[in-house]
Protein chains: 2
Amino acid sequence: MAGAVDGGPKVAVIGLGSMGMGIASSLIGAGFSVTGCDIDPARVEFLKGEGGSADIRPAVAAKGADVLVTVVVNAAQTEAVLFGADGCLSELAGKAVVISCATMAPEAARSIAGKVEATGRLYLDAPISGGSKRAASGDLTVLASGSAEAFREARPVLSAIAAKVYELGDVPGIGASFKMVNQLLAGVHIAAACEAVAFAARQGLDLAKVYEVITAAAGNSWMFENRVPHILSGDYSPQSAVSIFTKDLGILLDMARSDSFPLPVTGAALQMFLMAAAAGMARDDDASVVRVYERLTGIPLPIGK
Amino acid sequence: MAGAVDGGPKVAVIGLGSMGMGIASSLIGAGFSVTGCDIDPARVEFLKGEGGSADIRPAVAAKGADVLVTVVVNAAQTEAVLFGADGCLSELAGKAVVISCATMAPEAARSIAGKVEATGRLYLDAPISGGSKRAASGDLTVLASGSAEAFREARPVLSAIAAKVYELGDVPGIGASFKMVNQLLAGVHIAAACEAVAFAARQGLDLAKVYEVITAAAGNSWMFENRVPHILSGDYSPQSAVSIFTKDLGILLDMARSDSFPLPVTGAALQMFLMAAAAGMARDDDASVVRVYERLTGIPLPIGK
């Protein structure tokens, strides 16, 4: 992992949720001078305790930064952080690079990139994957695209936060497209895992045995292996929330519809996440889709401690 | 692998398709006395060349057998083999065990088991997983349930054909339920893989790069990893046909409907396989679902050699 020496780049991290906080901590650990920003004062104070500077205003946090990492929820928040009333783009160093990590439609990434580049700054389309634990340990996967110059300026920071950086193309939007393909599969696989476990419970099968058999069989998926243990332990505290997939599958189906491109399996999966959200579980773990079945059908599921 | 000694059990294998032929060959290789049966005379001749006896009539092939392995397509064929006009149940040894490998609804497995057991013979509900290559090498996975006595009599044969035998319960039907859960996931994951690859092609992404990224990411599944190479090489010769999943997801949705249990993601996946079948691809590889998109939308897919 590349460390930063004295006089290295100043980095600002906007958005100190579970992913952004991990990224900021990884950068501090690698020796970078880091300023964080979040609308939640408690997150700001937490980062100060970790050895960073922090502020609730993007424009203050990003003042003079050479590298800006935006780790917010979507395109609209990314736009607000950069171009909004308290936005920070104009506060960055003149040749700064913006590393944009939010999941968004490729068209949104291209649009934001264009506005950033119009000010003479660089933009890297860099959605991330890997979850909060890997964010905290600096082991994210980054699906990036952008100019050679943007990659060059971003690389020391990417090296500190990621175990793997895919360089997927020389223009923004390609990274976003790859992330969308991953989210399509991830979302469908979570919904399918919940549907399968619910069906197994209805058949009276031993769910721990189902997990053992399926993870060794052709029905396995990364998500089945990762999420079904939440169901087996009855623990739906959010490692990744239902609302992430109502958002991401929503973006996918908006993209597909505007392109007259059918995605029927993805559409069915989105409806399952919406059912969970409708039942009040939007902020719970995304494996909560199985609890939609519990409510509707009374299937027996393991009860948490 | 357990071998059979002289005077060991006589085994009949009914159904010499890609799975049954592999099972029969594995048993011959392990030293069992094997007689095969298929309605296709060419398959019968092929097994004779491998060192087995064979006949096109189940009642002839199974005469005096101690172990009967049925490797046919569904419950109806299993019933026909056992109880039909040229059926073989009454030809088996008086204490023979029937190892039933077809994928079927648990209720069908229980019904067939009851009829077999009424004659004093044993029944093992033993659906298989693993594909034709692992059938040929004796490395199948068997999802089995049945009485302790049925397991005891079946075990030498199971050891010769399988790398892993799950003993899932003491009554028939449980093995069938586990297989159904696996097929739900396998079918959804194939349809999702095709939907994701089609969507990626529409975005203009490099599909080989998509494969590289996704197989290392949270969107991966066993089926994505196994089937997408068929798409990348443009080779839709059937390793597992579309018709397998119109059948298996059809059984699942029949089961679920009769139990008033919704399976929306599985339902969407079945429609995709039906679209492929409707387009004339029922006997092609199940990754042909992606060619539904090719026909409808003109997305560019790799062309085979």
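Everything numeric here is computed off the predicted structure, so don't read it as measured data. Convention: sequence-line order gives letters A, B, ...; per-chain numbering from 1.
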Counting heavy-atom pairs under 4.5 Å with chain B, which one of A:Ala193, A:Ala191, A:Ala217, A:Gly169 comes out on top? A:Ala217

Do you know which of A:Val210, A:Ile299, A:Asn226, A:Leu205 has the most heavy-atom pairs under 4.5 Å to chain B? A:Leu205

Would you find more than 12 non-hydrogen atoms of other residues, nucleotides or ligands less than 6.0 Å from B:Glu212 atom CD? yes

Distance-minimising heavy-atom pair for B:Ala218 and A:Met223: O-CG, 3.7 Å

Please check: side-chain N/O of B:Tyr293 versus main-chain N/O of A:Phe261, any donor-acceptor pairing under 3.5 Å? no

Closest-packed option against chain B by number of heavy-atom pairs under 4.5 Å, given A:Ser129, A:Pro262, A:Pro264: A:Pro264

Provide the closest heavy-atom pair for A:Ala192 versus B:Leu184 in the form atom of the first, atom of the second, distance. O-CD2, 4.1 Å

Interface residue of largest heavy-atom contact number with chain B, from A:Gln203, A:Met255, A:Arg202, under 4.5 Å: A:Arg202

I want to check something: taking the side chain as every heavy atom from C-beta on, are B:His189 and A:Ser221 in contact at a cut-off of under 4.5 Å? yes

Are any of the side-chain heavy atoms of A:Val213 and B:Asn182 separated by less than 4.5 Å? no

Interface residue of largest heavy-atom contact number with chain A, from B:Gly267, B:Gly130, B:Ala198, under 4.5 Å: B:Ala198

If you round to the nearest 0.5 Å, how far is CG of B:Leu296 from OG of A:Ser260? 12.0 Å

Side chain from CB out, backbone as N, CA, C, O: work out which of these in A:Gln271 comes under 4.5 Å of a heavy atom of chain B, or both, or neither. neither

Measure distances from A:Leu263 to the heavy atoms of chain B and classify the residue's part below 4.5 Å as side chain, backbone, both or neither. both

Which of these passes side chain to side chain contact (heavy atoms under 4.5 Å, CB included) with A:Phe199: B:Asp259, B:Leu252, B:Thr266? B:Leu252

One option among B:Ala186, B:Ser177, B:Ala256, B:Gly131 has the most heavy-atom pairs under 4.5 Å with chain A, and it is B:Ser177

Could you look at A:Pro106 and say if it's the side chain, the backbone, both or neither that has a heavy atom under 4.5 Å from chain B? side chain

Heavy-atom closest contact (B:Asp206 atom, A:Phe178 atom, distance): O-CZ, 4.3 Å

Restricting to non-hydrogen atoms, name the atom on B:Gly219 and the atom on A:Leu185 that form the minimum distance, rounded to 0.1 Å. O-CB, 3.4 Å

For A:Thr297, is it the side chain, the backbone, both or neither that has a heavy atom under 4.5 Å from a heavy atom of chain B? side chain

Engaged part of A:Leu168 at the chain B interface, taking heavy atoms whose separation is under 4.5 Å: side chain

Minimum heavy-atom separation for A:Glu195 and B:Val265, please, with both atom names. OE1-N, 3.0 Å

Taking all atoms of both residues into account, what is the closest heavy-atom pair of A:Tyr166 and B:Ala216, and its distance? OH-CB, 3.3 Å

